[in-house]
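Keep in mind that the numbers below use all heavy atoms, side chains included, and drop hydrogens, waters and symmetry copies. Both counts, for ligands and for their atoms, begin at 1 and track the order of listing.
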Amino acid sequence: MFALGDAANRNPPRLRLFDRFGARRDEVDFHPAWHDLMRRLVGEGLHTGPWSEPASAAHVARAAGYMLWAEIENGTQCPATMTYGAVPTLARQAEDFDGWLPLLLSREYDPRFIPAPEKRGVLMGMGMTEKQGGSDVRSNTTRAVPAAAGGPGREYRLTGHKWFFSAPMCDAFLVLAQAPGGLSCFFVPRFLPDRTPNTLLLQRLKDKVGNHSNASSEVVFEDTYGLLVGEEGRGVQTILEMGVYTRLDNATATAGLMRQCVAQAIHHARQRKTFGQFLIDQPLMRNVLADLALECESHIVLALRLARAFDAQQDEMESVLRRMLTPVAKYWVCKRAPAVIAEAMEVLGGNGYVEEGPIARRYREAPLNSIWEGSGNIMCLDVLRAFAREPRTHQVLEAVLAGSKGRDARYDRFVAALLTELENPADGEFRARHLTQNIALAVQAAVLLGNGPESSAQAFLASRLASGPPASFGTLPVGVDSGAMIERILRF
Ligand SMILES: Cc1cc2nc3c(=O)[nH]c(=O)nc-3n(C[C@H](O)[C@H](O)[C@H](O)COP(=O)(O)OP(=O)(O)OC[C@H]3O[C@@H](n4cnc5c(N)ncnc54)[C@H](O)[C@@H]3O)c2cc1C
């Protein structure tokens, strides 16, 4: 699997705009390793498993699998997460998309560029970002006009562009465009009902820092066929349902990415000798490794706690929690990845910085999940919005944190200060990162105290809650059980 991941990234996809006779194709060719990985990923149900086989902990189980997948390869996770997120949106309008839903739930990966009804399985992407703005999608200029009478499920014609349009070989996309009634969401398939290609004029593939296995394109729409999803003017709300799921995946995938790098660092330290001793036995290196391991564990538990809220959507309290904790986890887990992975790379010394090693590719992936699908600041502003729109949010957070109350004075003090701070509305935007970070730390501490091993909980309280998240790793106080934390992250 690692070899496939390397091959898919060393042999990036190529744009094939025209066929040999000059007719437009607008296709992307991928290396066989990409297809092999996609076949396995879809076969495991890591794209839509919780929708095809609902169970009490289906989202948690998928999140755990998705986390493991992130340890192998990340480009393939892009179409997988967009497909995961698209299903609930389309299921709301099942009368218009009932032919698509079974194909989205299929465990067969079918990469053929043919109309969906002829395929064994399909995947979905999305198009929101335009040149003038990705965060502020209301600035979108792509226009949509109804072909006849407008309305949900009806045909519209789209003209405009998308500046980022990843996985363009997906079979259909949710796309935002300005309809007569305002910004709206459209279902744009690659093929028309008459089985001829829809007009998706791919312009270029982005030359990205990392994520080389995956194609991210720029696209132009010219009288492009699309069906309205939801009501006209409700595009942001409609497409954000998809975004909620992809944001959960940003957190789980990034936790997995970090865990793989830290496991590689520990593995290296167990075998590398300096000054006559294995690195793993040298006290300062033990502090670095244990600190990295603790950081990873805290992100794994936060992402899985969030996934639990996705499983409990019928529970009102969990539903309120999910609304607020999704941007919190997306922000905090993704924000920590570049620092964690850079430190893991340094454990391998010079070997860490060469492409043959396991970390280089993952280092290039590290910043991505923080940027796309709502960059850091946008997530923090969304946390404020969650508190402003749903007054019970404060109370629900308090109840969740109360589960671990009374077990440690440092935790109790931290939680009390946080809850007071959240009641202060002054300069909310200016303080939004600080608030979001502290909510994340409080929930991580609550889960570690409630369910984690004592060694991790105690070290977390003594470091993160006592003096804030470390700017650099290897600063755990004397007395923590470094061996337990190092062993635990290897066993995860
Ligand atoms: C590899 C990759 C693949 C992508 N794939 C897709 C895709 O398939 N489909 C798609 O639609 N998009 C895709 N994107 C685009 C991505 O979602 C956007 O880049 C992202 O949402 C940010 O938008 P922007 O680039 O326009 O930055 P801007 O919106 O210009 O934001 C720039 C910075 O300003 C901050 N900011 C914005 N507003 C505020 C504010 N009010 N207060 C404080 N700070 C603010 C943001 O957090 C950000 O850090 C992809 C991006 C990448 C890198």
Side-chain angles (χ1 to χ4, degrees), residues 9 12-13 28 74-86 89 123-142 158 160-177 183 185-186 188 190 200 202-221 235-236 238-240 242-247 249-250 253-254 257 327 330-332 334-335 337-338 361 364-385 427-436:
N9 281 276
V28 180
N74 308 104
T76 43
Q77 297 192 294
C78 174
T81 188
M82 293 193 289
T83 305
Y84 173 49
T89 308
L123 296 167
M124 285 201 57
M126 66 175 163
M128 295 193 275
T129 309
E130 297 186 1
K131 286 177 195 166
Q132 71 281 2
S135 309
D136 182 10
V137 288
R138 292 193 185 276
S139 68
N140 273 195
T141 57
T142 297
L158 278 63
H161 81 281
K162 293 292 162 187
W163 183 233
F164 279 91
F165 195 66
S166 287
M169 289 307 286
C170 283
D171 299 278
F173 303 85
L174 290 185
V175 171
L176 287 182
L183 192 62
C185 178
F186 294 91
V188 176
R190 287 294 316 249
L200 280 85
L202 303 184
Q203 306 294 295
R204 290 194 294 185
L205 296 188
K206 300 279 192 197
D207 185 5
K208 297 175 287 185
V209 172
N211 201 252
H212 289 156
S213 65
N214 179 30
S216 296
S217 70
E218 298 160 12
V219 67
V220 164
F221 304 124
V236 174
T238 306
I239 211 164
L240 268 190
M242 180 179 189
V244 170
Y245 290 91
T246 51
R247 286 170 184 175
D249 280 359
N250 291 143
T254 306
L257 183 67
K330 152 78 159 101
Y331 170 72
W332 187 236
C334 299
K335 191 52 71 191
R361 162 162 72 87
R364 285 194 297 269
E365 290 291 340
L368 176 54
N369 276 338
S370 189
I371 293 175
W372 86 287
E373 198 57 17
S375 309
N377 285 355
I378 297 301
M379 289 301 93
C380 297
L381 296 176
D382 198 41
V383 173
L384 296 186
R385 203 169 304 122
D427 299 316
E429 284 198 24
F430 201 76
R431 295 157 51 226
R433 280 199 181 212
H434 186 247
L435 290 172
T436 305

Given V137 and L183, is the side-chain contact (heavy atoms from CB on, under 4.5 Å) satisfied, shown in steps? CA-CA 9 Å; V137 288; L183 192 62; 4.2 Å; yes
Give a yes or no answer on whether the side chain of S216 reaches the backbone of F165 with a donor-acceptor pair at less than 3.5 Å. no
Can a side-chain donor-acceptor contact be found between R364 and N211 if the only test is distance below 3.5 angstrom? no
Filter on salt bridge (charged side-chain N to carboxylate O under 4.0 Å, His left out), then keep only pairs touching residues 366-378, sequence neighbours left out; what's left? none
Under a strict 4.0 Å criterion on non-hydrogen atoms, which protein residues are in contact with ligand 1? M126, G127, M128, T129, G133, G134, S135, F164, F165, S166, K208, S216, L368, I371, W372, E373, S375, N377, I378, L381
Taking salt bridge (Lys or Arg N to Asp or Glu O under 4.0 Å) as the definition, give me every residue that meets it alongside R190, ordered by chain and number, with sequence neighbours left out. none
For E218, which residues count as a salt bridge (Lys or Arg N to Asp or Glu O under 4.0 Å) partner, sequence neighbours excluded? R204, K206
